[in-house]
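Residue numbers start from 1 in every chain, and the chains themselves are labelled A, B, ... in the order their sequence lines are given, proteins ahead of strands. Keep in mind that this is a model prediction, so the values were computed, not measured.
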Protein chains: 2
Amino acid sequence: MSDGGGSEGLLFLTDEQLRKGIEAMFFAYRGFTADPDRILADHAYGRAHHRAVHFINRSPGTTVNNLLSILGVTKQSLNRVLRTLIEDGLVESRVGTADRRERHLFLTEAGAALEQTLSDAQRDRMRAAYRAAGPEAVVGFRRVLEAMMDPDLKAHYASLKERAT
Amino acid sequence: MSDGGGSEGLLFLTDEQLRKGIEAMFFAYRGFTADPDRILADHAYGRAHHRAVHFINRSPGTTVNNLLSILGVTKQSLNRVLRTLIEDGLVESRVGTADRRERHLFLTEAGAALEQTLSDAQRDRMRAAYRAAGPEAVVGFRRVLEAMMDPDLKAHYASLKERAT
DNA sequence: CTTGGAATGTCAACAAGGCTGACGTATTGT
DNA sequence: ACAATACGTCAGCCTTGTTGACATTCCAAG
């Protein structure tokens, strides 16, 4: 009874358990980004480019504003990244048809190729972790992560899921 | 059979499942850091200070070199953070007794207080997520995260666990 | 048709926090 | 005596985030 968990079966809510969870998130996130980061360094891109390319691939034709709220950065910050991607021919920006103020974003072939390379690397790591942990662990993993999200971000996350094939 | 999982019970290794896991990590990590970030902003500190304070609290008397390998940054980068923490009286640096080249790092009372404030906030979020997901999900969560770590980082993670009371 | 507001783009300036490279200084071990 | 180690520091650079100000374009309401 050294840690004041208290009653019945709530030992998993101990401060120690929570600290370990926090540290697990920290170290795991490092591993999570390590492989793409290495690839991006070769292309003179950063994590911000990766994120943009990922979500454009995930929701082709998304508007700048939508991407902004998903990524949670300012338009100036995103614009800098987006501009280089467009200049380099990885992303195409098409004027909206219904509302011509909006720009709809698409990956070019080259952009899709980079996305593929990056997500291959990241999925390989994820696949290895999933395989090592087993299907039941994966369910728990996702359940905890989803409970950890801010509600508005969780909405974005869920709408991405719906769009899945 | 919309997603081409293929054989038996490996549907959790589908590309779609893996992509969702990747996005879950991204959105959850945002939530994970959101609360401490807000607090840190009031103190004119950043995430780097949080990390330093966290691991010094976790391993009191740790050396600069050890902290360096845990955090995975350069000494210049860590030094900038550490210097401000020492100047502000949150961290104390004591010359080593066995090896006087080493500096051993400790939190002062003020440092411990800040650490407490930060980790309270972060643990609250973690506790809510754990409680919502349930004990079995927590086991799976930890299992997947541990499998996702780079081996050397996992060693650091494990040695922190051992030191737990 | 004019005007207000929304969506976007752009310029400028700045800060945090990474990085490399070089150098200095104790201190320790060979 | 000398090399290696642990640490600190200066200088400069990059990415990626921030604010603030301002122009443009377009839709929609009056």
Side-chain angles (χ1 to χ4, degrees), chain A residues 26 29-30 33-34 36-56 61-88 91-106, chain B residues 26 29-30 33-34 36-56 61-88 91-106:
Chain A
F26 172 70
Y29 201 79
R30 291 262 299 278
T33 55
D37 281 356
R38 269 188 288 273
I39 296 169
L40 288 158
D42 298 338
H43 294 251
Y45 288 138
R47 225 174 266 182
H49 301 85
H50 182 190
R51 291 197 281 262
V53 163
H54 174 98
F55 286 109
I56 294 173
T62 184
T63 64
V64 173
N65 246 0
N66 183 44
L67 201 50
L68 236 40
S69 69
I70 287 178
L71 297 176
V73 298
T74 59
K75 61 174 178 175
Q76 293 90 334
S77 197
L78 175 59
N79 195 257
R80 179 170 38 201
V81 166
L82 229 39
R83 200 188 322 160
T84 70
L85 289 173
I86 292 171
E87 282 171 4
D88 296 354
V91 168
E92 191 188 349
S93 167
R94 297 184 204 153
V95 173
T97 50
D99 186 338
R100 295 183 51 199
R101 289 169 301 182
E102 295 178 343
R103 303 298 141 92
H104 298 274
L105 303 170
F106 300 86
Chain B
F26 172 69
Y29 200 79
R30 291 261 299 279
T33 55
D37 281 355
R38 269 188 287 271
I39 297 170
L40 288 158
D42 298 338
H43 294 251
Y45 289 138
R47 222 174 268 182
H49 300 85
H50 183 190
R51 291 195 281 262
V53 163
H54 175 98
F55 286 108
I56 293 172
T62 185
T63 64
V64 174
N65 249 355
N66 184 44
L67 200 51
L68 238 39
S69 68
I70 287 178
L71 296 177
V73 298
T74 59
K75 61 173 180 176
Q76 292 92 330
S77 197
L78 175 59
N79 195 255
R80 179 169 37 198
V81 166
L82 227 40
R83 202 188 319 163
T84 72
L85 289 173
I86 292 172
E87 281 171 3
D88 296 353
V91 168
E92 191 188 349
S93 168
R94 297 185 204 152
V95 172
T97 49
D99 186 337
R100 296 183 50 198
R101 288 171 303 181
E102 295 179 341
R103 302 299 140 90
H104 298 275
L105 303 170
F106 300 86

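The CZ-C1' distance, from A:Arg47 to D:dC14, rounds to 15 Å in whole Å. A straight line from NZ of A:Lys75 to C1' of D:dT16 spans 18 Å, rounded to a whole angstrom. Separating the CZ atom of A:Arg51 from the C1' atom of D:dT16 is a distance of 8 Å, rounded to the nearest angstrom. As rounded to whole Å, 16 Å separates atom C1' of D:dT15 from atom CG of A:Leu82. Nucleotide D:dG8 holds its C1' atom 11 Å from the CG atom of B:Leu78, rounded to whole Å. With rounding to whole Å, B:Arg100 atom CZ is found 15 Å from D:dG8 atom P. In this structure, CZ of B:Arg80 is placed 12 Å from P of D:dC10, rounded to the nearest angstrom.
Counting any heavy atom pair closer than 4.0 Å across all strands shown, A:Gly96 reaches no nucleic acid atom. Within the nucleic acid shown, B:His49 comes within 4.0 Å of sugar-phosphate atoms alone, with no base atom in reach, counting heavy atoms only.
Only at 4.0 angstrom or more do the heavy atoms of residues 36-44 of chain A sit from any atom of DNA chain C, so none qualifies.
Taking CG of A:Leu78 as the start and CG of A:Asn65 as the end, the distance is 10.0 Å to the nearest 0.5 Å. To the nearest 0.5 Å, the span separating CZ on A:Arg80 from OG1 on A:Thr74 amounts to 7.5 Å. In this structure, OG1 on B:Thr97 lies 5.5 Å from NE2 on B:His104, to the nearest 0.5 angstrom.
Using a 4.5 Å heavy-atom cutoff, the side chains of B:Phe26 and A:Arg51 are in contact. Contact check for A:Leu71 versus A:Phe55: side-chain heavy atoms found under the 4.5 Å cut-off. B:Leu40 places a side-chain heavy atom less than 4.5 Å from the side chain of B:Asp37. For the pair B:Leu82/B:Ile56, a side-chain contact is recorded, criterion being any heavy-atom separation below 4.5 Å from C-beta on. Side-chain contact check for B:His49 versus B:Leu85: some heavy-atom pair is nearer than 4.5 Å.
Between the side chain of A:Gln76 and the base of D:dG20, at least one donor-acceptor pair of N or O atoms lies under 3.5 Å.
The side chain of B:Arg103 lies closest to D:dG8, out of D:dG8, D:dT9, D:dT18.
Taking five base pairs at each end of the helix from C:dC1-D:dG30 to C:dT30-D:dA1, the local helix axes there meet at an angle of 10°, rounded to 10°.
Put simply, chain B comes within 4.0 Å of DNA chain C, heavy atom to any atom, from C:dG17 to C:dT28, going 5' to 3'.
Residue-to-nucleotide proximity on DNA chain D shows that, of A:Arg101 and B:Thr63, the 5′-proximal contact is made by B:Thr63. Mapped onto DNA chain D by nearest heavy atom, A:Tyr45 and B:Glu102 fall at different nucleotides, with B:Glu102 at the one closer to the 5' end.
In this pair, A:His43 and A:Tyr45 present their aromatic rings parallel. The plane angle is below 30°, not in the 30 to 60° band.
Not a single donor-acceptor pair under 3.5 Å links the side chain of A:Arg47 to the backbone N or O of A:Pro36. Formation of a donor-acceptor pair under 3.5 Å by the B:Arg94 side chain with backbone atoms of B:Gly61 is not found in this model.
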Test log, rule side-chain contact (heavy atoms from CB on, under 4.5 Å), inputs A:Thr63 and A:Arg103: CA-CA 6 Å; A:Thr63 64; A:Arg103 303 298 141 92; over 6 Å; no

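Within the structure, every side-chain polar atom (N or O) of B:Asn65 is placed at least 4.0 Å from both OP1 and OP2 of D:dT5.
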